[in-house]
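Here's the structure we're looking at; comments come further down.
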Amino acid sequence: MSIAAIRVAAAGGPEVLTMGEVDLPSPGPGEALLRVGAAGINFIDIYRRSGVYPMSYPYTPGNEGAGSVLAVGDGVTEVAVGDRVAWSDVPGSYAAQAIGSAAKLIPVPDDVDDQQAAALPLQGMTAHYLASDSYRIVAGDTVLIHAGAGGVGLLLTQIAKIKGATVITTVSNSAKGELSTGAGADHVLVGYEGFPEAVRELTGGTGVLAVYDGVGKDTFDGSLASLARRGTMVLFGGSSGQVPPFDPQRLNSGGSLSLTRPTLVDFTVTRSEILGRSQELYGWVEDGRLDVRIGGTYPLADAGAAQDDLATRRTTGKLLLIP
């Protein structure tokens with residue numbers, strides 16, 4: 001069966017994302033064939049396309065999306081044909097259909113549409129483990145979140161507020177600052193120059209207990225300088241570039257700091273972990289405590305433009321492809 005899909009023949013810029021077709025087999029044991037109603041666009045897709053993360057070519061990009069189950073393979077008990085589901089780890093999601101492990105599929109409540117559902121599996125689950133595990137926020141904490149108007153930033157800010165934190169964010173311009181404020185940020189710093197000094201001033205000189213940094217190279221040094229004694233640096237991405245090697249002695253001299261470089265796959269190891277995180281996220285959406293901002297939708301053929309918009313930070317919220 002041939003279906004429409006984005007194909008990447010070699011590492012490169014957005015221009016290597018081309019429209020084509022791919023033959024999908026029937027789902028094997030433990031697998032489900034999925035209708036892709038919306039596919040999420042993420043920085044990891046760019047890292048893979050550009051060669052930062054080596055890939056076998058040609059391939060169909062994308063791992064995140066939402067839609068419904070069209071068929072199941074032998075032994076599948078987790079989902080049934082017709083179920084609405086979302087996912088964060090189904091390779092080849094930049095396509096009209098995809099095949100993935102049934103054990104990794106997330107049930108979607110009736111009150112959550114495909115676009116909302118597709119916006120949460122990767123960025124929402126990432127924000128969830130960042131706030132619940134990488135550094136476990138408790139009421140009364142003060143934390144710093146970079147790129148507060150981005151897809152993860154808006155969700156992480158809201159989750160941090162649900163948990164009772166005081167939230168400082170950084171954004172690149174005043175329009176994004178308004179979005180960050182709308183998500184609940186207590187203090188919004190417009191621009192990245194001098195942010196460590198501003199954080200120190202806002203915290204009475206002590207610094208924050210945790211920095212959530214998905215920007216990477218451009219903010220890393222300032223993030224360390226913003227931490228309180230025994231603070232935690234959570235480096236979860238590199239939208240400005242990867243952080244170069246550094247001397248871990250800096251953690252000692254900075255006040256016995258901790259540094260972690262987590263990734264989602266290690267926080268969604270079991271089905272119970274996947275369901276626990278997703279059910280809490282979708283529950284917050286249903287009761288109105290978590291607002292999912294869709295920053296843009298693009299036809300499947302415009303995948304290159306969508307990735308370029310994400311990489312150049314021209315957008316806010318979650319970007320989606322609609323097959």
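Excluded from the calculations below are hydrogen atoms, water molecules and symmetry mates; all remaining heavy atoms, backbone and side chain alike, are included.
Proximity of Val143 to Lys163: side-chain heavy atoms (C-beta onward) are nowhere separated by under 4.5 Å. Counting heavy atoms from C-beta on, the side chains of His187 and Thr142 never come closer than 4.5 Å. Side-chain contact between Leu259 and Leu251 is present, with at least one heavy-atom pair separated by less than 4.5 Å. The closest side-chain heavy-atom distance from Leu155 to Leu281 is not below 4.5 Å. Within the 4.5 Å cutoff, the side chain of Asn63 has no heavy atoms near those of the Val90 side chain. At a threshold of 4.5 Å between non-hydrogen side-chain atoms, the residues Val36 and Leu321 do not count as touching.
By the neighbour-count criterion of 12 heavy atoms within 6.0 Å, atom CZ of Arg261 is densely surrounded, having more than that number from other residues, nucleotides or ligands. For Asp110, the CG atom sits in a loose shell: 12 or fewer heavy atoms of surrounding residues, nucleotides or ligands are nearer than 6.0 Å. For Arg250, the CZ atom counts as densely surrounded, since its 6.0 Å shell holds more than 12 non-hydrogen atoms of other residues, nucleotides or ligands. Sparse packing is recorded around CD of Glu201, with 12 or fewer heavy atoms of other residues, nucleotides or ligands lying under 6.0 Å away.
Cluster membership for Tyr212 and Phe220, using ILVMFWY side-chain heavy atoms within less than 4.5 angstrom, is not shared. Linking ILVMFWY residues whenever their side-chain heavy atoms come closer than 4.5 Å, directly or via other members, leaves Val79 and Leu275 in distinct clusters. By the rule that hydrophobic residues join a cluster once side-chain heavy atoms approach within less than 4.5 Å of another member, Ile159 and Leu179 end up as members of separate clusters. Using a 4.5 Å cut-off between side-chain heavy atoms of Ile, Leu, Val, Met, Phe, Trp and Tyr, with links allowed through other members, Leu320 and Leu122 fall into the same hydrophobic cluster. In terms of hydrophobic clustering, with Ile, Leu, Val, Met, Phe, Trp and Tyr side chains grouped at heavy-atom distances under 4.5 Å, Val8 and Leu310 are assigned to a common cluster.
Cluster partners of Val269, using a side-chain heavy-atom cutoff of under 4.5 Å among ILVMFWY residues and allowing indirect links: none.
A search for side-chain contact (heavy atoms from CB on, under 4.5 Å) contacts involving Pro299 returns Asp302, not counting sequence neighbours. Legend: residues meeting side-chain contact (heavy atoms from CB on, under 4.5 Å) with Arg200, ordered by chain and number and at least two apart, are absent.
Of the candidates Glu64, Gln307, Arg7, Tyr94 forms a side-chain hydrogen bond (donor to acceptor under 3.5 Å, both in side chains) with just one, namely Gln307. Put simply, the residue from Leu130, Val211, Asp141 that forms a side-chain contact (heavy atoms from CB on, under 4.5 Å) with Tyr135 is Asp141. Remark: of the listed residues Thr268, Thr126, Asp133, Asp133 is the sole one forming a side-chain hydrogen bond (donor to acceptor under 3.5 Å, both in side chains) with Arg277. With Met233 as the partner, the side-chain contact (heavy atoms from CB on, under 4.5 Å) test is satisfied by one option alone out of Leu144, Thr260, Asp213, Leu257: Asp213.
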Using a 3.5 Å cut-off and no angle test, enumerate the donor-acceptor pairs between side-chain atoms of residues 21-30 and protein atoms at least two apart in sequence or in another chain.
unit_1, atom_1, unit_2, atom_2, d
Asp23, OD1, Ser2, OG, 2.5

Would you mind writing out the side-chain donor-acceptor pairs for residues 234-242 within the sub-3.5 Å range, not counting sequence neighbours?
unit_1, atom_1, unit_2, atom_2, d
Ser240, OG, Val215, O, 2.7
Ser240, OG, Lys217, N, 3.2
Ser240, OG, Asp218, N, 3.0

Listed pairs under 3.5 Å, donor-acceptor, residues 95-106 side chains, sequence neighbours left out:
unit_1, atom_1, unit_2, atom_2, d
Ser101, OG, Ala103, N, 3.4
Lys104, NZ, Asp89, OD2, 2.7

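In this structure a side-chain-to-backbone donor-acceptor pair under 3.5 Å is missing from Tyr298 to Gly304. Under the 3.5 Å distance criterion, the side-chain polar atoms of Arg84 are matched with a main-chain donor or acceptor of Pro109. Looking at Gln115, its side chain never comes within 3.5 Å of a backbone N or O of Ala38 through a donor-acceptor pair. Asn42 places no side-chain N or O within donor-acceptor distance of the main-chain N or O of Asp45, the cut-off being under 3.5 Å. Side-chain atoms of Glu178 do not come within 3.5 Å of backbone N or O of Ala175 as any donor-acceptor pair. Side chain of Arg49 to main chain of Gly12: a donor-acceptor pair is present (N/O by atom type, distance under 3.5 Å, no hydrogens or angles).
One side chain, Ser180 or Thr169, offers a donor N or O that lies under 3.5 Å from an acceptor on the other.
Ring pair Phe195/Tyr192 is perpendicular by interplanar angle, where above 60° counts as perpendicular and below 30° as parallel.
Atoms CD1 and OG1, on Ile6 and Thr18 in that order, are 7.0 Å from each other to the nearest 0.5 Å. Atom CZ of Arg229 and atom OG of Ser256 lie 8.0 Å apart (nearest 0.5 Å). With values rounded to the nearest 0.5 angstrom, Leu209 atom CG is found 12.5 Å from Ser226 atom OG. Considering CZ of Phe267 and OG of Ser134, their distance stands at 4.0 Å, rounded to 0.5 Å.
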